[in-house]
Amino acid sequence: MDKNFFITTPIYYPSGKPHMGHAYSSIVSDVIARFKRLDRYNVEFLTGTDEHGLKIQRAAEEKGLDPKKFCDELSKTFRDLSKTLNLSNTDFIRTTEDRHIKSVQNLWKILENKNQIYLSKYSGWYSVSDEAFYSDNEIKEENGINISSISGSKVEWVEEESYFFKLSEWENKLLKFYEENPKFILPDTRRNEVLSFVKGGLKDLSVSRKSFSWGIKVPSNKDHVIYVWLDALTNYISALNYPDTKNNKYKNYWPADLHMIGKDILRFHAVYWPAFLLAADLPPPKRVYGHGWILSGDEKMSKSKGNILDPLEIVDKYGLDSLRFYLLKEVSFGNDGSITQEKLESCINSDLANNYGNLCQRVISFNEKNYNLLVPDNINFEKEDLKLLNKVSDNINTLRSYIDNQELSIYSNFIIDCLFEANKYFNDQEPWKKKSDVVRLNTIVYVSLEIIRKVSILLNPIIPDTSLKVLDIFNLKQKDINFDTIKDNKFLKPNSNIKKIGILFKKIDKND
RNA sequence: GGCGGGGUAGCUCAGUUGGUUAGAGCGCGGGACUCAUAAGCCCGAGGUCAGUGGUUCGAUCCCACUUCCCGCUACCA
């Protein structure tokens, strides 16, 4: 039986350039996607851009560009980001694509036919830059213009006809759904927030706009465009060829296993999205995970504070795998985390250079001097050898459960722990003193090579480039990198050739 | 205001279904070694586990109150 897994990142609004938050959502999703592939799942991994709305329309007008042309440029920077971050996404969806427009309009018609959408009127203070409505008491006047007292951005009074989705009808059905699916929203603290929000009562949701035109037209009324969430969220099924629910992609991959998102868009994914789907008689996704934010030091990154760490600059300066590793290992997953150059440098030096890099270096170099780059033959495992190797082999299911519960920090720390033990093993066994005991010496070197192989496979989802570089010294190909070979304590063929290895991670001199 | 989460070593965080000496990494001090990117290994210093009171033979872990931080939400208007 085929094992299928569908994971998504949010689709990103391309009105600014990609920032660390985008990079983080994408990288953690990629780690999970890659892990599931190691475990021989067919993985569909979706990312993309959300391109409609007044903000984009106005920005395009200012530049005198056709909005679609404008979006082509913006979307490309996010497509490029996927490449820069070495994402293994299998698709990249844009909300301006025909497949998506068709999908959204179809979902709309179904909701309309099921009497879930009605025409009424909306009024309120609207901020274009925040894309949010504010109530009267959230507005103040400054220098003769009205601004939001929350965000400080300019607001305008909007009064217009709008279609509404009958969200209020879904309160109890959603609560029942949450109860029956206790792990639908993770982490638990986010789940609590959603629950108390829904229990507080749901109002019908405005799902169309007349005030601008850059969007997907309401099928039955060309004066309206479909408003943001009903448009954007639907991307997850558009990419599976919805409304054709009989095709293999949809059949294999929906409902999605995991929507990975930032905590700021949790409500839309955990309340509106399942309500839309239930209302259309479609199954909701299996899980929504709202991860934390990456702060610069202990502050939110912002232009005014000048503390923005651009992911592209970081990758350029420190290398992609260093950034990926840092975000996985150093951020307690689910909580907010922070990144600074100092912490990143310290992480690179301790974990990647001294611990992992140096382990590879010392073992390969020892092998070269004593075995001329051949895997030792004539070995005999003793207790301490098996203890080290089985630390990985015996814990495959535990590792699977870490990933399936999005316990990414625990997964990362398990690997670090293996590295410490491997270094300690090599130290304690003192192979440089065992040259007269040939079988023992063979075994120590063999075990050391094996543990490097195993750990490098575990690291593959996190630092794919470096992992492949290390596994290449054993002449392993992609097909050898999976959870079947990882269990094997004698995967390496005696007397086979291995390759020399260069410096994996250069130490960073703090005086630079 | 309501609800929720949290305050554990200099820093980042684990943990304890209540039970003799509370853990890891980084940083710091010392030691032995030499295969290695002056890396790795060993030892050590450092914590009244936010405060007060209670339950208990016994609380960092349970309860109450206080205080500080964060999130969600509401409203005073």
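A, B, ... follow the sequence lines: proteins, then strands. Residue 1 opens every chain.
- Nucleotides G53(B) and G30(B) are separated by 42 Å at their P atoms, to the nearest Å.
- Separation of the C1' atoms belonging to A59(B) and G51(B) is 15 Å when rounded to the nearest angstrom.
- Of all nucleotides present, none satisfies the Watson-Crick or G-U wobble test against U17(B) with each distance under 3.5 Å.
- Across all strands shown, G71(B) pairs with C3(B); the Watson-Crick or G-U wobble distances both stay below 3.5 Å.
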Query - CA sep, side-chain torsions, deciding dist, call: H269(A), Y236(A), ring-ring contact (aromatic ring centres under 6.0 Å, His included) - result: CA-CA 11 Å; H269(A) 284 78; Y236(A) 300 130; 5.6 Å; yes
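- Spacing between atom CG of D428(A) and atom P of C41(B) amounts to 9 Å, rounded to whole angstrom units.
- The pairing partner recorded for A24(B) is U12(B), the criterion being a Watson-Crick or G-U wobble arrangement whose two distances lie under 3.5 angstrom.
- In the set A36(B), A39(B), C26(B), the nucleotide with an atom closest to the side chain of K507(A) is A39(B).
- Under the Watson-Crick or G-U wobble criterion, with both distances below 3.5 Å, C41(B) is paired with G31(B).
- Within the 3.5 Å criterion, the main-chain N or O of H291(A) finds no donor-acceptor partner in the side chain of R190(A).
- Per the geometry, CD belonging to E330(A) stands 9 Å off P belonging to C13(B), to the nearest Å.
- Under the Watson-Crick or G-U wobble criterion, with both distances below 3.5 Å, C76(B) has no partner in any strand shown.
- In this structure, the CH2 atom of W432(A) is 7 Å from the P atom of C35(B), given to the nearest Å.
- Between the P atom of G71(B) and the CZ atom of F197(A) lies a distance of 18 Å, rounded to the nearest Å.
- Across C49(B) and C61(B), the matching P atoms stand 9 Å from one another, rounded to whole Å.
- Between the side chain of D488(A) and the backbone N or O of K490(A), at least one donor-acceptor pair lies under 3.5 Å.
- Using bins of under 30°, 30° to 60° and over 60° for the plane-to-plane angle, the ring pair W273(A)/H259(A) lands in the tilted bin.
- We find that CZ of F325(A) is positioned 19 Å from P of U12(B), with the value rounded to whole Å.
- Ring-plane geometry between F177(A) and F184(A) is classed as perpendicular, the angle between the planes exceeding 60 degrees on a 0 to 90 degree scale with a lower cut at 30.
- Taking atom P in both C11(B) and A74(B), the straight-line distance is 37 Å, to the nearest Å.
- Nucleotides A14(B) and G6(B) have their P atoms positioned 10 Å apart, rounded to a whole Å.
- Listed candidates were C13(B), A36(B), C35(B). Nearest to the side chain of F426(A) is C35(B).
- Taking atom C1' in both U55(B) and C62(B), one finds a spacing of 8 Å when rounded to whole Å.
- Here the side chain of N354(A) is nearest to one of G71(B), A39(B), C41(B), namely A39(B).
- In a base pair of the Watson-Crick type (N1 to N3 plus N6-O4 or O6-N4) or a G-U wobble (N1-O2 and O6-N3), with each distance short of 3.5 Å, A59(B) is matched with no nucleotide.
- Looking at N358(A), its side chain comes within 3.5 Å of the base of A36(B) through a donor and an acceptor atom.
- OP1 or OP2 of A14(B) lies within a sub-4.0 Å distance of a side-chain N or O belonging to N335(A).
- Across all strands shown, A36(B) forms no Watson-Crick or G-U wobble pair with both distances under 3.5 Å.
- Using cut-offs of 30° and 60° for the angle between ring planes, the Y12(A) and H22(A) rings count as perpendicular.
- For F505(A) and F325(A), the ring centers sit 6.0 Å or farther from each other.
- Protein atom NZ of K433(A) is 12 Å distant from nucleotide atom C1' of C41(B), rounded to whole Å.
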**Report entry** Stepwise ring-ring contact (aromatic ring centres under 6.0 Å, His included) check, W229(A) with Y272(A)
**Finding:** CA-CA 8 Å; W229(A) 291 107; Y272(A) 302 168; 7.4 Å; no
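- The residue among S350(A) and V363(A) whose nearest nucleotide of RNA chain B is located toward the 5' end is S350(A).
- For A9(B) and A22(B), the C1' atoms lie 10 Å apart once the distance is rounded to whole Å.
- Proximity note for F420(A) (side chain, C-beta onward) versus C35(B), C41(B), U37(B): the nearest is C41(B).
- Residue N427(A) places none of its side-chain N or O atoms closer than 4.0 Å to OP1 or OP2 of G40(B).
- Within the 4.0 angstrom heavy-atom criterion, base atoms lie near G357(A).
- With a 3.5 Å ceiling on both atom-pair distances, the Watson-Crick or G-U wobble partner of U52(B) is A64(B).
- Atom CG of N192(A) and atom P of G5(B) are 6 Å apart (whole Å).
- Atom P of C70(B) sits at a distance of 22 Å from the matching atom of G10(B), rounded to the whole Å.
- Dashed line: the shortest gap from a side-chain N or O of K369(A) to OP1 or OP2 of A36(B) is under 4.0 Å.
- Nucleotides of RNA chain B nearest to K263(A) and S365(A) differ in position, and the one nearer the 5' end is that of S365(A).
- Comparing G40(B), C26(B), U37(B) by their nearest atom to the side chain of S346(A) picks out C26(B).
- When the side-chain nitrogen and oxygen atoms of S196(A) are compared with OP1 and OP2 of G2(B), none of them lie within a distance under 4.0 Å.
- Counting to the nearest Å, the P atom of A39(B) and the CG atom of L504(A) are 17 Å from each other.
- Contact annotation: K424(A) reaches the phosphate of C42(B) (side-chain N/O to OP1 or OP2, under 4.0 Å).
- Close to U12(B), at under 4.0 Å from its OP1 or OP2, lies no side-chain N or O of K343(A).
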